[in-house]
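All figures in this text were calculated on a predicted structure; none of them were measured in a lab. Whatever order the structure lists them in is the order used to number ligands and atoms, beginning at 1.
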Amino acid sequence: MPATVDVSDRDLVRAAQQIRDGGLVAFPTETVYGLGADATHGAAVARIYETKRRPAFNPLIVHVPDAASATTLVVFDAIAHALAAALWPGPLTLVLPARDDNGIAGIVSAGLSTLAVRVPAHPVAQALLQRAQRPVAAPSANRSGRVSPTRSEHVREEFGSDDVLIVDGGPSRSGLESTIVDLCGPVPRLLRPGTITRPQIEAITGSPLASPDPHGPAQQPSAPGQLASHYAPRASVRLNAWQVGPGEALLGFGPDMPPQVHPAVNLSPTSDLREAAANLFDALRALDKPGVTTIAVMPIPDTGIGEAINDRLRRAAAPRP
Ligand code: TXA
Ligand code: MG
C-alpha cells in the first residue's frame, strides 16, 4: 500500500459524486486499478462493459468498504466469515450466493445467482467507497483481454478518450488481481490465483482448495481462468526462454539473466516472487513496444505467488482468438 497518497479531498468528493451520478471512475486498489460504477445502477454498469468492450457473460466484482456491507449483498457461511475476518480488507474476492433483495443490477453478475464481493485495502479505494455510499462494480481498468493497469498512466493509455474520471493514487503495490475463491459449491474452489496464496487460504478453511473446473457446465461463470487468452500484450509471448532471438524482448527473473539484451526487464534480480508479481504488468507494458514481435519470458518458479504469476503469463502466451 502506498504510504502517501496524492489525492485531495476535493478529488474524492468529485469522484464519489461521479459514481452516484451513474458515471465511471477509475481508481487505485492494492491489486490493480479498477474501472468503477454504481453497482445498483444498471445503465452505469453497462457502460463499464461497453467501455472495456467486455463480453457480457463475464461478471464483475462488487467492491464494498467492509465485511458488514458485504453481508447485506451476499449470504455468508462460516468459511466466508473466517476468510473475511482474516484477509479483509485485502486482495481476496469471495463468490457467494446473492441475496434476493440486495439491489445489485443483474448485469453485474451477468444473470448468475452468485455475486463476487471484495473489500479493498487501498486507502483511496476505501475513501471512495465510504464517500460514494454505493457498492461499486469494478473490473480491472483495461480493455477486455489486455494487460491490467497498475498505474494511472496505464489507465489513461486505455481510456484516454473515454468519459472516465481517473483518480491517481500512485502505483498499485501488489500488481496482480485479487485471489478469487468460490464458496458456492460443496468445497471452496480457487477460481483465480493471486497474491493471497492457496496455502494461506487452506490454512484458514482447513481443507484443500479445489481448482477451476475447465470442463464446467456452460452456464458456469467465466472466471478469467476459463478465458484461455487474457492479459495479453500486443507482442506474442514465449515462455520458459533462456535466450532471445531477433525481434524478441526479454522478461527476466533471477540473477542469471542473459546480458546485453535490449529491451529487457528483470522482474526480480533477487528471485523475490512478491517483487516479480508487483512488476509483472508494468514490465509487459514496457516491453510491448513497436519493433518487438515477441516477449521471451524466463522460467519462474510455480510456488506461492509464482502460481498466480505463471497463470497470468500462460494466458498472455495462449493463442489469441
Ligand atoms: O483485484 C481485482 O480483483 C481487480 C480490482 C479492480 O478489484 N478486479 C478485477 O476484476 O480483476 P476483473 O473483472 O478484471 O476480474 C474479475 C473476475 C471476472 O473475470 C469474473 O470471471 C470473476 O471475477 N467473477 C466475477 N463474478 C463472478 C461470479 N459471480 N462467479 C464467478 N466468477 C466471477
Ligand atoms: Mg481484468
Side-chain angles (χ1 to χ4, degrees), residues 24-37 39 45 48-49 51-64 73-75 87-98 102 104 106-122 124-126 128-129 135-150 154-155 158 167 169 172-185 188-196 212-213 216-217 219-227 229-232 277-278 281 308 311-312 315-316:
L24 298 188
V25 174
F27 63 98
T29 82
E30 71 277 31
T31 59
V32 298
Y33 274 70
L35 182 66
V45 177
I48 296 180
Y49 284 93
T51 304
K52 276 188 63 104
R53 306 201 191 103
R54 182 182 179 104
F57 54 75
N58 198 356
L60 304 178
I61 297 171
V62 173
H63 298 67
V64 287
L73 305 178
V74 289
V75 181
L87 298 169
W88 276 353
L92 173 72
T93 295
L94 297 179
V95 175
L96 289 162
N102 64 12
I104 300 294
I107 186 173
V108 170
S109 54
L112 298 168
S113 58
T114 61
L115 191 67
V117 288
R118 153 158 142 78
V119 176
H122 195 292
V124 173
Q126 275 287 331
L128 179 65
L129 291 170
V136 171
S140 50
N142 51 278
R143 304 263 184 215
S144 197
R146 295 273 179 211
V147 177
S148 291
T150 54
H154 300 163
V155 181
E158 297 282 333
V167 179
S172 292
R173 285 301 159 98
S174 110
L176 283 184
E177 302 85 350
S178 60
T179 304
I180 305 181
V181 177
D182 181 359
L183 296 177
C184 296
R189 187 177 290 276
L190 182 66
L191 290 187
R192 178 173 71 184
T195 49
I196 291 179
D213 179 4
Q219 72 271 21
Q220 281 278 301
S222 178
Q226 279 138 292
L227 294 175
S229 170
H230 207 71
Y231 311 105
F281 291 139
D311 170 78
R312 305 306 189 275
R315 260 167 255 303

>> Determine whether a donor-acceptor pair (N or O, by modelled atom type, separation under 3.5 Å) exists between the side chain of Arg143 and the backbone of Arg53.
In response: no

>> Side chain, backbone, both or neither: which applies to Leu191 and ligand 1 if a contact is any heavy-atom pair less than 4.0 Å apart?
In response: side chain

> At a 4.0 Å threshold, what atoms of ligand 1 neighbour a non-hydrogen atom of Ser140?
Replying inline: 8 (N), 9 (C), 10 (O), 12 (P), 14 (O)

>> Side chains of Arg192 and Thr93 only: does a donor on one sit below 3.5 Å from an acceptor on the other?
In response: no

>> Side chains of Leu73 and Val64, heavy atoms from C-beta outward: is any pair under 4.5 Å?
In response: yes

> Under a 4.5 Å cut-off applied to non-hydrogen side-chain atoms, are Val119 and His63 in contact?
Replying inline: no

>> Is there a polar contact between ligand 1 and Thr114, counting only N or O atoms under 3.5 Å apart?
In response: yes

> With a cut-off of 4.0 Å, which atoms of ligand 1 are near a heavy atom of Ser178?
Replying inline: 1 (O), 2 (C), 3 (O)

>> If the contact criterion is a heavy-atom separation under 4.0 Å, does Ile61 count as touching ligand 1?
In response: yes

> Relative to the heavy atoms of Thr31, which atoms of ligand 1 are at a distance of less than 4.0 Å?
Replying inline: 1 (O), 2 (C), 4 (C), 5 (C)

> Which ligand 1 atoms does Ile180 reach within 4.0 Å, using its non-hydrogen atoms?
Replying inline: 17 (C), 22 (C), 23 (O)

> At a 4.0 Å threshold, what atoms of ligand 1 neighbour a non-hydrogen atom of Ala116?
Replying inline: 25 (C), 26 (N), 27 (C), 29 (N)

> Where's the contact between Leu112 and ligand 1, heavy-atom distance under 4.0 Å: side chain, backbone, both or neither?
Replying inline: side chain

>> Test your reading of the structure: does Arg192 have an N or O sitting under 3.5 Å from an N or O of ligand 1?
In response: yes

> Can Glu177 and Ser140 be counted as having a side-chain donor-acceptor contact under 3.5 angstrom?
Replying inline: no

> If only atom types and distance count, is the side chain of Tyr33 paired as donor or acceptor with the main-chain N or O of Ser172 below 3.5 Å?
Replying inline: no

>> Run the side-chain contact (heavy atoms from CB on, under 4.5 Å) test on His154 and Val32 for me, step by step, so that the C-alpha distance in whole Å, both residues' side-chain angles and the decisive distance to 0.1 Å come before the verdict.
In response: CA-CA 10 Å; His154 300 163; Val32 298; over 6 Å; no

> Contact between Ser109 and ligand 1, counting heavy atoms under 4.0 Å?
Replying inline: no

> Less than 3.5 Å between some nitrogen or oxygen of His63 and one of ligand 1, yes or no?
Replying inline: yes

> Do any N/O/S atoms of Ser140 come under 2.8 Å of the Mg ion (ligand 2)?
Replying inline: yes

> In ligand 1, which numbered atoms sit nearer than 4.0 Å to a non-hydrogen atom of Gly34?
Replying inline: 6 (C)

> Between Arg312 and Phe281, does a side-chain contact (heavy atoms from CB on, under 4.5 Å) hold up when you go through it step by step?
Replying inline: CA-CA 9 Å; Arg312 305 306 189 275; Phe281 291 139; 4.1 Å; yes

> Within the distance-only criterion (no hydrogens, no angle test), does the side chain of Gln126 pair as donor or acceptor with the backbone N or O of Pro120 below 3.5 angstrom?
Replying inline: yes

